[in-house]
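Indexing begins at 1, ligand by ligand and atom by atom, following the structure's order. Only a predicted model underlies this, so the values are computations on that prediction, with no experimental measurement involved. Along the sequence shown, residues carry numbers from 1.
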Amino acid sequence: MRKFSCSNSVFWVVASALFITIFANYTMFTKANSWLLSSGTNQMYMVVLGLYQFLLLLFLMALLTMHKWYKHVLVIFYLLAAISAYFADSYGVIIDKDMLINAAETNIAEAAGLLSWRVLIYIAALFVFPVFVLYKVEITPQTVGKRIFHHLSAALLAVASIAVIFLATSAFSASFFREQKQIRVYSSPLSALYATYQIANRTIFSPSQSFTRIGDDAVTSPPSDYPELVILVVGETARADRFALNGYRKNTNPLLSKENVVSFTNASACGTSTAISVPCMFSIDGKDKFDLSKFKSKENVLDLAAKMGVSILWRDNNSSAKGVADRLPYEDFSTPKNNPVCDPECRDIGMLKGLDEYINKQKKGDILIVLHQMGSHGPSYHERVPENFQKFKPFCKTNQLDKCTNEEISNAYDNTILYTDYFLSEVIKFLKKYDNRFETSMFYISDHGESLGEYGMYLHGMPYSMAPKGVTNVPMILWFGKELIKTHNLDMDLLKRQRDKAISHDEVVHSLLGMLEVQTEIYKKDKDLHFWATKK
Ligand SMILES: [Zn+2]
């Protein structure tokens, strides 16, 4: 072959990204198309999805091929794309972290069992053919400076284009990236590359961490006639400003407003996602020093309470305890196997069933029960509540938020707060039964809030600095039983006067230690909300 007239390696990067986007992503585009059809979304959005795939690939490829060995790197992209496409198209299998780990442990006989004419066709068309062309065509050498300049320009252009497309289609794009993970994971070879990165990161860059104990100095008072019974409700996606208790114009708290609760108006979340906020609120490191990669190898406040002899139970109607309850009794209530109230979605209220038996079975001493809600998790807000809680109408009935008006989205969301109001009031009702045997208390706190269209943003999980107040300002509600108020000498009115003070998830650890009367260096009195209520 003659020398190719275009001496720019960026040409090959653009051509490769286009080739892989078009020919190695059949499954992803088919799935995307059927989702667009079934949800009644304009099929023109396929173009947006195609552009995302192309631009992301272009960005990565341009950055990883700035050197003279760029052809070899492109070969890796072709290979991963061919393998991903083959497994996706043939078996609907995604090349993710677990798949790669499995593949590494596969023996020759098992691997041979996957061979077929079909795999050879994929390898030939998506790997051998482009590699042949790439190495056959001679490219005039280019200077190092020029190559780096061209590649950086291409990468920057790709990122800028992604940002422009995202902003121009924010409602659609936010829904897609949050909700349609089952489509995104088919992106070839991006998922495979990400999985490779995850494994490399885990095995090479993070040496095994030794496990850290906390609070070895901790002591607690001997079991009393009135032990503590604390129910800590970890909320999901609830915004503080949607609680009537905090001044919201719609009555989203018809039941809690009848209880003697203190609702804090100015509490900020540790993170903008469940994966960060839930571990963070139980970590003694606090928001400023919290490091997720170290969380699993260090005890948290629940471990400490358990060491002090507190009986702890974590019931979860969400996805998981995010590592908080790894060393504690854990019950999954998102399945009808354990949760008696599923229609078919398992309701938060189901987590109260059987709790009496649990409490009666415990030996004398304090009890701490954590209930992790499904709460207001979006974008399918309408699915979070049973029919009789769909009070605010008209409400959005789809997870395609771009198909609903702001009012419909708001109403659907407010109905989830109404349901949480009911759930929390049932928790209080439950605790009142134990008022003559325990010092009872309820502590409710949401993990993060939600963006409901502010600045064109929906859902949550954005970087903290970009997140609207609706995402970071979370509801925090305290209720104390009459025995606790009496013995701990508490004054609810004193606490109510401090409800607008700026607090955060950091208060959870210290309030729990305070309520459970655990004395340790870790405990900070000024962050113990229960201490705030103590008559001086
Ligand atoms: Zn969450």
Side-chain angles (χ1 to χ4, degrees), residues 174-181 232-243 252 264 267-283 287 290 292 295-296 300 302 314-326 330 332-334 339 345-349 351 370-385 399 401 409 412-421 423-424 443-454 457-477 504-509:
S175 275
F176 175 77
F177 282 108
R178 292 291 310 196
E179 184 73 356
Q180 302 305 322
K181 191 179 178 206
L232 172 63
V233 179
V234 178
E236 175 61 62
T237 316
R239 311 169 43 130
D241 64 352
R242 294 301 176 105
F243 279 64
T252 46
F264 292 86
S268 56
C270 179
T272 66
S273 66
T274 313
I276 301 286
S277 278
V278 172
C280 182
M281 72 171 83
F282 291 95
S283 158
K287 180 177 188 294
F290 180 71
L292 185 61
F295 179 77
K296 285 209 172 195
N300 59 60
L302 297 187
W314 184 295
R315 284 193 166 178
D316 207 292
N317 194 33
N318 203 292
S319 49
S320 78
K322 307 293 168 200
V324 180
D326 282 359
Y330 174 90
D332 178 7
F333 267 68
S334 64
N339 191 326
E345 174 155 322
C346 290
R347 302 298 175 196
D348 291 334
I349 195 72
M351 289 193 283
V370 182
L371 304 176
H372 189 196
Q373 281 187 275
M374 188 58 178
S376 307
H377 197 276
S380 302
Y381 309 118
H382 65 293
E383 288 175 5
R384 294 297 91 83
V385 301
N399 56 20
L401 298 182
I409 296 171
Y413 181 83
D414 292 339
N415 288 329
T416 66
I417 302 295
L418 192 67
Y419 184 76
T420 288
D421 175 73
F423 173 60
L424 296 178
F443 194 167
Y444 163 72
I445 178 139
S446 183
D447 59 347
H448 52 76
E450 185 83 320
S451 189
L452 293 169
E454 288 93 343
M457 279 195 263
Y458 293 87
L459 309 173
H460 57 266
M462 58 287 278
Y464 206 93
S465 54
M466 276 174 61
K469 202 175 170 217
V471 173
T472 55
N473 183 201
V474 288
M476 204 189 273
I477 296 171
S504 73
H505 275 162
D506 290 1
E507 266 72 7
V508 175
V509 163

### Message
Test side chain to side chain donor-acceptor pair (under 3.5 Å) on Thr252 and Asp414; report intermediate values, then the result.
### Response
CA-CA 7 Å; Thr252 46; Asp414 292 339; over 6 Å; no
### Task
Nearest 0.5 Å please: distance from the OG1 atom of Thr416 over to the CD atom of Glu450.
8.5 Å
### Message
Main chain of Phe177, side chain of Gln180: is a donor-acceptor contact present, judged purely on distance under 3.5 Å?
### Response
no
With the Zn ion (ligand 1) as the point of reference, which N/O/S atom of [X] is the closest?
X      : value
Asp447 : OD2
Glu236 : OE2
His448 : NE2

### Message
Show, in sequence, the C-alpha distance, side-chain angles and deciding distance for His460 and Ser451, and conclude whether the side chain to side chain donor-acceptor pair (under 3.5 Å) test is met.
### Response
CA-CA 6 Å; His460 57 266; Ser451 189; over 6 Å; no
### Query
Is the Zn ion (ligand 1) less than 2.8 Å from at least one N/O/S atom of Thr274?
yes
